[in-house]
Colleague: 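Below is one structure. I have some questions about it.
As a basis for the values below, the full set of heavy atoms in this structure was taken, side chains included, without hydrogen atoms, waters or symmetry mates. Chain A is the first sequence line, chain B the second, and so forth, proteins listed ahead of strands; every chain is numbered from 1.
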Number of protein chains: 2
Amino acid sequence: MEPRFVTAADVARRAGVSRSAVSRAFTPGASVAPETRARVLEAAEALGYRVNRLARTLHRDRSDLVGIIGANLGNPYISAQFDALSAALQAEGLQTLLVNLRPDPRPGAEPPDLGRAVERLLEYRVRTVVLLSGAAPDELVRLCAANGVRMVLINRPAPAAGALADVIDSDAAGGGRLAARRLIAAGCRRLAVVLSESRTSAKLARADAFCAEAASGGLTVRRWTQGPNSYETGVAAARSLLEGGAARIDGIFGVTDEIALGAMNTARHELGLAVPHRLSVIGFDDAPISAWSSHRLTTVRQSLPALTGATLEAILCPADAAVSHRAVAVDLVERGSVAPARGSAPG
Amino acid sequence: MEPRFVTAADVARRAGVSRSAVSRAFTPGASVAPETRARVLEAAEALGYRVNRLARTLHRDRSDLVGIIGANLGNPYISAQFDALSAALQAEGLQTLLVNLRPDPRPGAEPPDLGRAVERLLEYRVRTVVLLSGAAPDELVRLCAANGVRMVLINRPAPAAGALADVIDSDAAGGGRLAARRLIAAGCRRLAVVLSESRTSAKLARADAFCAEAASGGLTVRRWTQGPNSYETGVAAARSLLEGGAARIDGIFGVTDEIALGAMNTARHELGLAVPHRLSVIGFDDAPISAWSSHRLTTVRQSLPALTGATLEAILCPADAAVSHRAVAVDLVERGSVAPARGSAPG
DNA sequence: CTGTTAGCGCATTCAA
DNA sequence: TTGAATGCGCTAACAG
């Protein structure tokens, strides 16, 4: 005899009431006599009944499933972000359904496809799709909208105007400028920026603003672009930019902490360059590990609580609310990877 | 006019067939005329229809949702493990429904409750519950079993004999012994083990085996237990164990890499102790960041692919299969945080 | 307040 | 192969 899930009918039978009574006993705000309700709950308890939320969803216009599309979940910042977001959702009674865009390592496997990911989530009738990774083509945004599902884009390229997508953006340009100004203040004159090949506009915007700010200070920036957003990308960049010392790069901006850490560690431990005396390094994110005493990375902070809060707001807003654009401020966290500012303006 | 999800009936109408035909067109192996099928697919495409997997689940005996219960998703090893597992599930057509056991930071919030987490997942009729965190009381295992849901425990205390739960265990005792032997070979004589307060038997077993092995070598071990499994726990331990230098601890085993890294970094950068010359440190997990040149932590490796593979096997096994116990071997990864072995046996 | 009834979207019998 | 009918577990509108 296969064990089976207990149904409302089972409970009704045992409690000697109708199925509706059972349903009502589990619906907050429904009108049930306290006594009936108690009897139902008792029977449910005895039988081990619990509401089938999947079936319940058939009736309501939206489920309490929130789809999160992410890649790179091992990344120190993204994992923290995902952790915070899923916890916050849960506190609101929402549940996290994950689609992992990580490439399947098996030979012959197809590369991950964002379109399929979204469709998959639509099949589960999620109420919202949150994009932590990848760039959403307008067509996908429209697809969701056509199904009454809002999309929330976090640090993603903004979709076409009028598209039904909320966007949460930390101030990439401001952060890039902050980084450039700080390196220049430290006396760096030969700057480089390291970014991954991902076409994510947030990372591009960080790099572009960095370059623009440097240019306005009369400096040109060596731009190093290759590989994924990973530690190894930073390692490779450091080797390529610093080895031999011909270019005499003295300031590096990594568009994510993970990249910056790869570059900094390689400079320090593999190439023997003193940080920050010979080379200053600055990152973007403020991942937890960046504060560790083994790193002490100076970085542009995106406040995780702020980011999570803005995301949650967007997710919770009524289905018919106008789309919104939430900006999250960034600030510079001074630690030990950038040389002290020279000639800072006196008091 | 609210946008609504397209239903099979809509498609049937447009294609001029019955709803059943639509259903069959989307059911692999059903008997449909190729021509009908084509017409249905065309109509579906035009309308933007996709199967409602929630409704589909009402008919099948199990859903394709796998519930994962985890805490500490920001932990460097756990995030990697979660990443690998969710990707592997997806490659098998299964979907990850997450319950995050992270404490709600809001004031007055209740602490996370594993029982509620499991019940929540049962409400979604998941086919399997995977426990990455917490210890499963037998009563919870029985609860799942009563609902025909298998439980998979990863590095968790084994439930009562006969309970319907698959367990995946990396060799905690073997790893603990490996760590002890290595520190002893390095010439360490004043050992300490650092563990968190969590009652997780895996971490306890690592520590216990470490102490036992040290004892058999004539050494007693200072046991430091406090706080959660986190970097800060390692930091606090290092301060408490090493500050002042009275105890002259010369070898530390952290039961997770994160703890070991906290201890090592604090010893090195805050207390100014040379690692490995003055102090040797060894961890357990082999998280990606442990290999970084800023750490080079010698550690006991749990192979992530092996762990993920074993987990997947357990999840995919038929519902009526006997419960299984899978052991994952560990080995020592030599890096730079332990002094070279002295007087190793020649040839 | 309660039970009856009628769906929600789908898969699967059963006849045809 | 196909359509009609039935049921999955639940909610909601309706009468009582």
Colleague: Between atom CG in N52(A) and atom P in dG9(C), what is the gap in whole Å?
Modeller: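 The distance from CG of N52(A) to P of dG9(C) comes to 16 Å, rounded to the nearest Å.
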Colleague: Can you measure E123(A) atom CD to dC10(C) atom P for me and round it to whole angstrom units?
Modeller: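 To the nearest whole Å, that distance equals 11 Å.
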Colleague: Calculate the interatomic distance between Y124(A) atom OH and dC8(C) atom P; express it in whole Å.
Modeller: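 Checked: the OH to P distance equals 23 Å.
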Colleague: Which residue, R56(A), R53(A), R127(A), forms the side-chain hydrogen bond (donor to acceptor under 3.5 Å, both in side chains) with D64(A)?
Modeller: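 Option passing the side-chain hydrogen bond (donor to acceptor under 3.5 Å, both in side chains) with D64(A): R53(A).
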Colleague: For the aromatic rings, using the six-membered ring if either is Trp, is the centroid distance between Y49(A) and F5(A) under 6.0 Å?
Modeller: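 Between Y49(A) and F5(A), the centre distance exceeds or equals 6.0 Å.
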Colleague: For E92(B), is the CD atom crowded, meaning more than 12 foreign heavy atoms sit under 6.0 Å from it?
Modeller: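 Yes - once you tally the heavy atoms of other residues, nucleotides and ligands closer than 6.0 Å, there are more than 12.
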Colleague: Which residues within residues 8-23 of chain A lie with some heavy atom under 4.0 Å of an atom in DNA chain C?
Modeller: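 Going residue by residue through residues 8-23 of chain A, the ones with a heavy atom under 4.0 Å of DNA chain C turn out to be V17(A), S18(A), S20(A), A21(A).
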Colleague: Enter the distance from R19(A):CZ to R13(A):CZ here, rounded to the nearest 0.5 Å.
Modeller: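 So the CZ of R19(A) and the CZ of R13(A) are separated by 8.0 Å.
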Colleague: Tell me whether the side-chain N/O atoms of Y49(A) come closer than 4.0 Å to OP1 or OP2 in dC10(D).
Modeller: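 Y49(A) to dC10(D) OP1/OP2: side-chain N or O found under 4.0 Å.
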Colleague: Can you tell me the distance, in whole Å, between the CG atom of L122(B) and the P atom of dG9(D)?
Modeller: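 My rounded result for the distance is 15 Å.
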Colleague: What are the two closest non-hydrogen atoms of A136(B) and L131(B), and how far apart are they?
Modeller: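 In terms of heavy atoms, the two residues are closest at CB-CD2, 3.6 Å.
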Colleague: Counting just side-chain N and O atoms, does R56(B) come under 4.0 Å of either OP1 or OP2 of dA11(C)?
Modeller: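 Yes, because at least one side-chain N or O of R56(B) sits under 4.0 Å from OP1 or OP2 of dA11(C).
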Colleague: Please collect all side chain to side chain donor-acceptor pair (under 3.5 Å) contacts where either partner lies in residues 79-90 of chain A, sequence neighbours excluded, each pair once.
Modeller: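 Every side chain to side chain donor-acceptor pair (under 3.5 Å) pair that includes a residue of residues 79-90 of chain A, provided the two are not neighbours, is D83(A)-N100(B), D83(A)-R102(B), S86(A)-N100(B).
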Colleague: Mind running a 4.0 Å heavy-atom check of residues 24-36 of chain A against DNA chain C and sending the residues that fall below it, in number order?
Modeller: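 When residues 24-36 of chain A is checked for heavy atoms under 4.0 Å from DNA chain C, the hits, listed by number, are R24(A), S31(A), V32(A), A33(A), T36(A).
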Colleague: Distance check needed: dC8(C) C1' versus R53(B) CZ, whole Å only.
Modeller: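 Distance, rounded to whole Å: 19 Å.
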Colleague: Using whole Å, report how far CG of L54(A) lies from C1' of dT11(D).
Modeller: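 Atom-to-atom, L54(A) to dT11(D), this comes out as 15 Å.
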Colleague: Is any side-chain heavy atom of N147(B) closer than 4.5 Å to a side-chain heavy atom of C144(B)?
Modeller: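 Contact flag for N147(B)/C144(B) side chains = no.
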Colleague: Report yes if some heavy atom in the side chain of I68(B) is under 4.5 Å from a heavy atom in the side chain of V129(B); otherwise report no.
Modeller: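 They are not in side-chain contact.
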Colleague: Please report the distance, rounded to the nearest Å, between CG in L47(B) and C1' in dG9(C).
Modeller: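 Roughly 15 Å, once rounded to whole Å.
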Colleague: Check this for me: R326(B), atom CZ, are more than 12 non-hydrogen atoms of other residues, nucleotides or ligands nearer than 6.0 Å?
Modeller: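 Yes, the 6.0 Å shell around CZ holds more than 12 heavy atoms from other groups.
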Colleague: Using whole Å, what does the distance between atom P of nucleotide dC10(D) and atom CG of L58(B) come to?
Modeller: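 The answer, rounded to whole Å, is 9 Å.
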